[in-house]
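Index from 1, following the sequence.
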Amino acid sequence: LMAAEIHLVYNPAKLEVISVNQGSLFQNGQESIFSYDVGPGAVEILTTLLNADAPSVNGTGDLIEIQVKLLQAGSANITFNGNDVLRDPDNNDIAILEKIEGRIESN
């Protein structure tokens, strides 16, 4: 993985995004770019590696960490909107085989 463009959607009446941070996958001794935009009901994230010696990473890890606040009792979902892109070191698309939505529940 060299780059990712992630588009998340949620119900702003149920959830508030508190923070968006780069996960550890691109931070382990790598130079990278991480930018995001939080709008009403949507979060767009762009992250890419810049290191020419190691232009990509393999394996598993957290790419993004998002902290949210549930605004009302019950539950809320945060999902991918379908425009997400993962890129390999040659800037080719990487197939996304499965996306799992997030579910936030109050106790």
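- Looking at heavy atoms from C-beta onward, L46 lies out of side-chain contact with I33 at the 4.5 angstrom threshold.
- Every residue two or more places apart in sequence or in another chain that forms a side-chain contact (heavy atoms from CB on, under 4.5 Å) with S106 is listed here: L70, A73.
- Once rounded to the nearest 0.5 Å, the distance linking CG of L71 with NZ of K69 reads 6.5 Å.
- In this structure, I45 and Y36 approach most closely via the heavy-atom pair CG1-CB, 4.0 Å.
- Not a single side-chain hydrogen bond (donor to acceptor under 3.5 Å, both in side chains) links S56 to another residue, sequence neighbours left out.
- Considering all non-hydrogen atoms of both residues, V20 and I64 come closest at CG1-CG2, 4.2 Å.
- Using a 4.5 Å cut-off between side-chain heavy atoms of Ile, Leu, Val, Met, Phe, Trp and Tyr, with links allowed through other members, F34 and V57 fall into the same hydrophobic cluster.
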**OP:** Check the pair S32, L50 against side-chain contact (heavy atoms from CB on, under 4.5 Å), reporting the backbone distance first and the verdict last.
**Re:** CA-CA 5 Å; S32 63; L50 299 174; 5.5 Å; no
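- Between the D37 side chain and the E44 main chain, no donor and acceptor come within less than 3.5 Å of each other.
- One hydrophobic cluster holds both I96 and I94 under the rule that ILVMFWY side chains link at heavy-atom gaps under 4.5 Å.
- Taking 4.5 Å as the limit, some side-chain heavy atom of D93 sits within range of a side-chain heavy atom of R87.
- Take N91 and apply the side-chain hydrogen bond (donor to acceptor under 3.5 Å, both in side chains) test, not counting sequence neighbours, and it matches no residue.
- Listed by chain and residue number, nothing satisfies the side-chain hydrogen bond (donor to acceptor under 3.5 Å, both in side chains) test with S35 (two or more places apart in sequence, or in another chain).
- Every side-chain hydrogen bond (donor to acceptor under 3.5 Å, both in side chains) that K99 has, sequence neighbours left out, goes to D84.
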Solution key, residues 6-14 side-chain donor-acceptor pairs under 3.5 Å, sequence neighbours excluded:
residue : atom : partner : partner atom : Å
H7      : NE2  : E5      : OE2          : 2.9
Y10     : OH   : G39     : O            : 3.3
N11     : OD1  : A13     : N            : 2.8

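- Exactly one of L25, D88, T48 qualifies for a side chain to side chain contact (heavy atoms under 4.5 Å, CB included) with L1. That residue is L25.
- For the pair A4 and L63, the tightest heavy-atom approach, listed with the atom from each and the gap, is CB-CD2, 3.6 Å.
- Counting all heavy atoms, side chain and backbone alike, I100 lies closest to F80 at O-CE1, 3.7 Å.
- Without hydrogens or angle criteria, D90 side chain to N92 main chain gives no donor-acceptor distance under 3.5 Å.
- With a 4.5 Å cut-off on side-chain heavy atoms, N77 and R103 count as touching.
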